[in-house]
Amino acid sequence: MKDYSVINQRAPRLDAPDKATGRARYVDDLTLPGMLYGAILHSPLPHAKILNIDTSKAARLPGVKAVVTAKEAGLVKYGVSPARYDETLFCYDKVRYVGDEVAAVAAVDMETAQEALSLIEVDYEELPAVFTIEEAMAEGAPVIHEDFPRNICAEVHQEFGHVEAAFKECDLIRTDKFINKRQESAALEPHGCIADYDYLGNLTLYTSTQTPHYVMRTVAMVLGIPVGKVRVVKPYVGGGFGSKAEGTPAEMSAALLSKLTGKPVKVIYSREEVFMHGRSRHQFIHEMTLGVKKDGTLV
C-alpha cells in the first residue's frame with residue numbers, strides 16, 4: 001500500500017496553515033466601515049399572546065439606528081421544510097417558545113444595542129404551554145400552531161417487507177420504547193454574520209454557515225429580495241456539525257437592519273442564544289417491536 005500516492009497517505013488539510021498560524025479569519029474577526037451592531041429580543045415565556053409592543057423608548061436611545069418588529073419584517077413564513085413552513089422572522093400574534101424572536105435593534109455598539117433591548121416593552125397574556133412530545137399530542141392539549149391539529153406538523157407512513165408473516169417465524173417478540181435526548185453541537189464559534197446592503201439593492205452576507213445556498217434562498221424569500229441580488233460569503237467556520245445548516249434569525253435580522261440603516265450590521269449570538277436556537281438534533285421517541293428466533297437470528 002505504501003506505493004500508492006493517495007491511498008494510505010496522509011492528506012494535508014488545505015486550511016491547516018491558516019488555522020495553525022492564526023491567520024484564519026472568522027466572522028467576528030471581520031469589521032466593515034461604519035458597521036453597526038445588532039441584537040435580538042427574545043420571549044421570556046414559552047407560550048403567550050402578544051398584546052402590544054412599544055419600541056419608542058428604545059428608538060429614542062442615543063446610538064440606536066433602527067428597531068424592527070414583525071411590522072417592518074413582514075409575515076413571510078419559512079422553515080426547514082417547504083411543506084411545513086411555520087415561522088416568521090419576528091412573532092406577531094404570539095410567542096411559542098422561550099427565546100422566540102420578538103424584535104431586533106441596530107446600534108453603534110453592542111452595549112447600546114443591549115440597553116435598547118431592555119427598553120422595549122412587550123405586553124404578554126400567558127397561555128398554557130406544553131413541554132414534552134406526549135403532552136403536545138394529547139387530546140385537549142394547548143394548540144401551539146393553529147394550522148396543525150394536536151400539534152402534529154406531519155405524519156410519514158412507510159412499510160417494508162411482510163412484517164406479520166415474519167413475526168410468525170419468531171420464537172420471541174417484544175416491544176420496547178427508546179428515547180434519546182436533544183443534542184446541541186456546541187461548536188466553539190457561535191453563529192454570527194455581517195450583512196451589508198448597498199444602495200443598488202445588493203445584499204452581501206458574511207456568515208458562519210455550512211450551507212450558503214440555503215441561507216441565500218431563505219434570506220431572499222423572507223425579506224423579499226431577488227435571489228440574484230443576495231451574495232453569501234462563507235469565511236472560516238469554527239465548527240458546525242449540522243447546527244449551521246439553515247438560514248437563521250441572526251442572518252435575516254442583520255440583513256433587514258442593514259437594509260433600513262444603509263450600514264453593515266453584525267449580529268453574533270451569545271452562547272445562551274446558540275443553545276436556544278440550536279437545531280442540531282431534536283428528541284426522538286422510538287417504539288420498536290423486534291422478533292427473534294431461539295438461535296439468536298433477528299427476523
Side-chain angles (χ1 to χ4, degrees), residues 6 9-40 78 80 89 99 101 104 106-111 113-114 182-198 202-223 225 227-259 261 263-281:
V6 175
Q9 303 298 314
R10 293 180 64 87
R13 292 181 62 95
L14 297 180
D15 57 359
D18 281 349
K19 289 184 175 179
T21 59
R23 296 180 63 184
R25 301 183 72 199
Y26 300 86
V27 167
D28 208 16
D29 296 320
L30 306 179
T31 302
L32 299 182
M35 189 175 74
L36 303 175
Y37 294 82
I40 301 174
Y78 75 99
V80 176
L89 174 52
E101 296 82 12
V108 293
D109 53 48
M110 183 52 68
E111 291 75 14
Q114 292 294 339
R182 172 188 170 184
Q183 298 178 25
E184 168 54 47
S185 298
L188 287 178
E189 180 201 29
H191 300 66
C193 66
I194 301 175
D196 188 10
Y197 192 91
D198 67 24
N202 300 301
L203 173 66
T204 302
L205 187 64
Y206 306 86
T207 181
S208 177
T209 182
Q210 297 172 258
T211 51
H213 54 296
Y214 285 4
V215 174
M216 178 180 66
R217 185 180 63 192
T218 302
V219 170
M221 178 182 70
V222 172
L223 299 185
I225 303 172
V227 71
K229 287 184 170 290
V230 178
R231 177 182 178 226
V232 175
V233 179
K234 183 188 75 65
Y236 282 97
V237 175
F241 318 109
S243 67
K244 296 176 180 175
E246 63 172 342
T248 67
E251 293 153 339
M252 289 177 273
S253 297
L256 177 60
L257 290 166
S258 179
K259 182 178 180 180
T261 61
K263 300 285 187 180
V265 176
K266 175 187 283 191
V267 175
I268 304 290
Y269 277 164
S270 67
R271 182 57 59 180
E272 181 182 11
E273 288 176 310
V274 169
F275 283 119
M276 282 196 297
H277 300 297
R279 304 182 185 189
S280 302
R281 185 170 298 160

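No hydrogens, no waters, no symmetry mates; every other heavy atom, side chains included, goes into these values.
Considering CG of L30 and SG of C193, their distance stands at 11.0 Å, rounded to 0.5 Å. How far OH of Y78 is from CG of L223: 10.5 Å, rounded to the nearest 0.5 Å. L89 contributes atom CG, which lies 7.5 Å from atom CD1 of I40 (distance to the nearest 0.5 angstrom). The distance from the CG atom of L32 to the CG atom of D196 is 5.5 Å, given to the nearest 0.5 Å. Annotation: the span from L203 atom CG to Y197 atom OH amounts to 7.5 Å, rounded to 0.5 Å. Between the CG atom in D29 and the CD atom in E189 there is a gap of 8.5 Å [rounded to 0.5 Å].
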Between E184 and V274, does a side-chain contact (heavy atoms from CB on, under 4.5 Å) hold up when you go through it step by step?
-> CA-CA 9 Å; E184 168 54 47; V274 169; 3.9 Å; yes
What do the steps show when you test F275 against E272 for side-chain contact (heavy atoms from CB on, under 4.5 Å), and what is the final call?
-> CA-CA 5 Å; F275 283 119; E272 181 182 11; over 6 Å; no
Go through T218 and M252 one step at a time and tell me if the side-chain contact (heavy atoms from CB on, under 4.5 Å) criterion holds.
-> CA-CA 8 Å; T218 302; M252 289 177 273; 4.1 Å; yes
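In plain terms, the two heavy atoms of V237 and K19 that are nearest each other are O-NZ, 4.4 Å. Nearest heavy-atom pair across G192 and V27 is C-CG1, 3.7 Å. Nearest heavy-atom pair, V230 versus A220, reported as atom, atom and distance to 0.1 Å: CG2-CB, 4.0 Å. For S258 against A195, the heavy-atom pair with the smallest separation is OG-O, 3.3 Å. Between L36 and A106, the closest heavy-atom pair is CD1-CB, 4.2 Å. Looking at every heavy atom in both residues, A254 comes nearest to V267 through CB-CG2, 3.8 Å.
Q210 contributes a side-chain N or O that, together with a main-chain N or O of K244, makes up a donor-acceptor pair within less than 3.5 Å. With hydrogens and angles disregarded, a donor-acceptor distance shorter than 3.5 Å links the side chain of K266 to the backbone of D28. Proximity of a side-chain donor or acceptor of T211 to a complementary backbone N or O of H213 within less than 3.5 Å is not detected. Checking side-chain atoms of E251 against main-chain N and O of T248 turns up a donor-acceptor pair under 3.5 Å.
Around the CZ atom of R23, the shell of radius 6.0 Å holds no more than 12 heavy atoms that belong to other residues, nucleotides or ligands. Under a cut-off of 6.0 angstrom, the local environment of OH in Y26 is crowded, with over 12 non-hydrogen atoms contributed by other residues, nucleotides or ligands.
When side chains are defined from C-beta on, R25 does not count as touching P235, because their heavy atoms never get closer than 4.5 Å.
Checked by atom type, the side-chain pair Y236/D15 shows no donor-acceptor distance below 3.5 Å.
Tested against H191 for a side-chain contact (heavy atoms from CB on, under 4.5 Å), the candidates P249, S243, S208 yield a single pass: S243. Test V219, V233, I194 against L205 for side-chain contact (heavy atoms from CB on, under 4.5 Å) and you get one pass: V219.
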